[in-house]
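Labels below follow one simple rule: chain letters A, B, ... track the order of the sequence lines, proteins then strands, and each chain is numbered from 1. The figures that follow rest on heavy atoms only: side chains count, while hydrogens, waters and symmetry mates do not.
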Amino acid sequence: MSEVRVRFAPSPTGFFHIGSARTALFNWLYARHTGGKFILRVEDTDKQRNTEEALRVLLEGMRWLGLDWDEGPDVGGDCGPYFQSERQPIYDEYLARLKDAGRTYEKEGAIWFKLAGERYTTYDEFKQAEVEKVKTQPVVIDDAVRGRVERSEEMDFVIVRKDGSPVFHFVNVVDDIAMGITHVIRGEDHLSNTSKHVELFQAFGATPPVFAHIPLILKQSGPGKMSKRDQGALIEEYAGRGFLPSAVRNYICLLGWSPKDDREKMDIGEIIERFDFPGINRGNARFDEQKLAALNAEYLRELEIGSFTFLVRPILAAKGVITEDEDEDYLQAVLKLAQPKARSLEDLPEYVDYFFQDDYPVDGKVAEKIAKKADPKSLVAEMLPVLEGLAAFDADSIKSALEGHAEAQGQKVFAYFPALRFAVSGQGGGPDLLPMLEVMGRERVLARLRRFIG
RNA sequence: GGCCCUAUAGAUCAAUGGUGAGAUCAUCAGACUUUCAAUCUGAAGAUUCCGGUUCAACUCCGGAUAGGGCUACCA
């Protein structure tokens, strides 16, 4: 029994598209699931777009998602080189084989692949010109995802351009043969190309690999597949937006694959164990930013507070909420309050702003709402001496002091809470009030209360 | 136009030809004896349409409709 060998063959374009990432991920999962090899092959034949920078974005994106390759750039392997731009001698050799077999001809300076079958002339789709078509044996693809698909290739096609460069269909097949690829897992957009590829495999006398065409990722709303301009399309943007690679990876797994038992949040080990072709869907998947965000929030909440702080610090600094040298203990104490309620790291700066800034914004609607019940200034004025007299400024002490005062006034303690919160934060919501006051500390709280009273 | 793929709540996925069609996100409501985007509980919400096969169809077959893809000397 031969080992599974799968590959991801991206073209460095300067960005790492979520669709490519998903293809890479599925190939990687299949290799890890079967104990096979995952090969990274860079299709860098387009010299215009291919730059150092473009390659870096790609490799960094792969690494960020935790997709390590067994053969390819940086790690090498027995079937190199792993850049198509360095494989010209191999393409020459394979082209010669095709030539010797009489399966090529030249026309208008380009080299064409000659299909096997009876030839006849007919008109093109608009009856504009005469074209030569070939009655071929239909290609039957036993697709691991979609089942039996039958398609006939009926026109010869170019395999080497007149400038001498080989085209995608040709190099793709040659490399797959030369690298011993056993399973080709790729987007459904290649399904129609597969008949061309199978024709080539057969012309080389090679057994075609198992094909598995996975559904495409459609944009969140509107028609068509996800394009690089759609929100959430670029992997390299997720890190800066506070997404965790484990969450993004988990979400992308669910785009076109299902474990079939309603489980969604799974660690990668479990996914590897369960990932296989029967679980891959046939219908296209639609990208859902909200669902990704919800999953990310779940991952965020289970992070150790230290890791969470490490992750959030640069984000807060970038927004100017804190300075680079913000006190670690205070920052961590604040984040400990915010983490359980955090929905995304993008909104977090706004959520914790007032812990660090004295000129925080004041929510006008909340001001009105609070003022309706009682004058917040007089409530705060009542509380001020109570808090000033506190020996220890911790949640429990504050609580019993406030309760004692409220009771003496014949009030419920909650009558004071909204005004207090508003006075120290300008907000109507936020972390639990008592621990929040403790974390803010006596000085800050009292100063803000005094300022509030005016 | 030709060829190929797909079709269950607003979205993403489940359901050996026999269930009360299930889960998550989103939405709405209640709770957590302050707030709140977290948490808990609950509610609403779907088999695209028309035929056929069958004792029985979400499931199999055909058609329609809708969505997606390919149709390059791009990859």
Side-chain angles (χ1 to χ4, degrees), chain A residues 9-13 20 43-46 48-49 84 107-112 124-127 141 143 145-147 149-155 157-169 171-172 186-196 213 215-218 220-221 223-225 251 254-265 279 281-295 297-298 300-301 338-344 347-348 350-351 366 369-370 402 412-422 425 427-434 436:
Chain A
S11 175
T13 51
S20 302
E43 306 213 337
D44 59 346
T45 46
D46 186 338
Q48 303 301 86
R49 287 192 290 188
Q84 284 190 337
K107 192 172 90 181
E108 292 157 1
I111 298 174
W112 294 65
D124 73 356
E125 59 196 77
F126 299 116
K127 302 197 171 179
I141 304 152
D143 195 280
V145 173
R146 327 194 84 86
V149 177
E150 197 174 307
R151 232 185 92 87
S152 294
E153 209 52 48
E154 47 184 20
M155 283 209 269
F157 52 92
V158 170
I159 50 176
V160 179
R161 302 183 187 88
K162 65 181 162 216
D163 69 1
S165 60
V167 307
F168 163 73
H169 302 299
V171 294
N172 199 262
R186 53 168 32 161
E188 196 218 77
D189 48 346
H190 286 292
L191 185 55
S192 304
N193 289 329
T194 306
S195 44
K196 278 191 183 72
H213 287 94
L216 302 180
I217 302 173
L218 268 29
Q220 173 129 10
S221 57
K225 55 180 176 175
Y251 177 70
L254 266 15
L255 250 21
W257 173 76
S258 164
K260 304 287 183 197
D261 65 354
D262 296 339
R263 300 247 316 139
E264 293 190 330
K265 185 168 178 297
N281 304 123
R282 284 169 297 278
N284 290 330
R286 197 172 285 278
F287 180 75
D288 186 345
E289 172 106 29
Q290 273 184 322
K291 187 141 186 173
L292 203 206
L295 195 56
E298 271 195 72
L300 241 26
R301 274 178 237 121
Q339 186 187 15
K341 308 213 171 188
R343 185 182 258 210
S344 86
D347 300 337
L348 201 63
E350 203 181 326
Y351 192 75
V366 174
K369 196 175 157 194
I370 292 176
L402 291 183
K412 285 193 296 182
V413 70
F414 309 120
Y416 297 92
F417 275 35
L420 265 181
R421 172 186 295 283
F422 182 67
S425 73
Q427 299 298 308
D432 293 343
L433 181 62
L434 271 0
M436 175 174 138

Any N/O pairs under 3.5 Å between the protein and nucleotides 62-68 of chain B? List them or say none.
residue, atom, partner, partner atom, Å
B/G68, OP1, A/Gly224, N, 3.0
B/G68, O2', A/Asn284, ND2, 2.9

Provide the distance between the two P atoms, one in B/G2 and one in B/C13, to the nearest whole Å. 29 Å
Side chain to side chain contact (heavy atoms under 4.5 Å, CB included) filter on A/Ala338, not counting sequence neighbours, yields A/Leu348, A/Tyr351, A/Val352
Across all chains, not counting sequence neighbours, the side-chain hydrogen bond (donor to acceptor under 3.5 Å, both in side chains) partners of A/Arg263 are A/Glu270
How is A/Leu433 classified with respect to the nucleic acid when contacts are heavy atoms under 4.0 Å: base, sugar-phosphate, or nothing?
base
Could you check whether A/Lys260 gets within reach of a base, just the sugar-phosphate, or nothing at all, counting any heavy atom under 4.0 Å? sugar-phosphate
Using a heavy-atom cut-off of under 4.0 Å over every strand shown, decide if A/Ala285 touches base, sugar-phosphate, or nothing. sugar-phosphate
Is it true that the NZ or CZ of A/Lys291 lies under 6.0 Å from the centre of A/Tyr251's six-membered ring and within 45 degrees of the ring axis? no
Those residues at least two apart in sequence (or on a different chain) that pass side chain to side chain contact (heavy atoms under 4.5 Å, CB included) with A/Asp189 are A/Leu216, A/Lys225
For the pair A/Lys341 and A/Asp432, find out whether any cationic side-chain nitrogen is under 4.0 Å from an anionic carboxylate oxygen. yes
When we call it a touch if two heavy atoms are under 4.0 Å apart, what does A/Tyr351 touch: a base, just sugar-phosphate, or nothing?
base
Taken in chain and number order and not counting sequence neighbours, the residues that satisfy side-chain hydrogen bond (donor to acceptor under 3.5 Å, both in side chains) with A/Glu150 are A/Arg148
**Asked** Just to confirm, is there a sub-4.0 Å distance from OP1 or OP2 of B/U39 to any side-chain nitrogen or oxygen of A/Arg301?
**Response** yes
- Query: Do the side-chain N or O atoms of A/Arg146 get closer than 4.0 angstrom to the phosphate oxygens (OP1, OP2) of B/C5?
  - Reply: no
Those residues at least two apart in sequence (or on a different chain) that pass side chain to side chain contact (heavy atoms under 4.5 Å, CB included) with A/Gln220 are A/Phe287, A/Asp288, A/Glu289
Contacts of A/Phe168 meeting ring-ring contact (aromatic ring centres under 6.0 Å, His included) (sequence neighbours excluded), chain-then-number -> A/His190, A/His197
Applying salt bridge (charged side-chain N to carboxylate O under 4.0 Å, His left out) to A/Glu350 and not counting sequence neighbours gives none
Residues passing the side-chain hydrogen bond (donor to acceptor under 3.5 Å, both in side chains) test with A/Tyr416, sequence neighbours excluded, are A/Glu382
Are there any protein N/O atoms within less than 3.5 Å of an N/O atom in nucleotides 18-25 of chain B, and if so, which ones and at what distance?
residue, atom, partner, partner atom, Å
B/G22, N2, A/Asp262, OD1, 2.8
B/A23, O4', A/Asp262, OD2, 3.2
B/U24, O2', A/Glu264, OE1, 2.6
B/U24, O2, A/Lys291, NZ, 2.4

Under the rule of Watson-Crick or G-U wobble with both distances under 3.5 Å, where | means paired to another strand and [ ] a crossing pair, RNA chain B maps to (((((((..((((....[...)))).(((((.......)))))....(((((..]....))))))))))))....
Sorted by chain and residue number, the side-chain hydrogen bond (donor to acceptor under 3.5 Å, both in side chains) partners of A/Ser195 (sequence neighbours excluded) come out as A/Arg151, A/Glu153
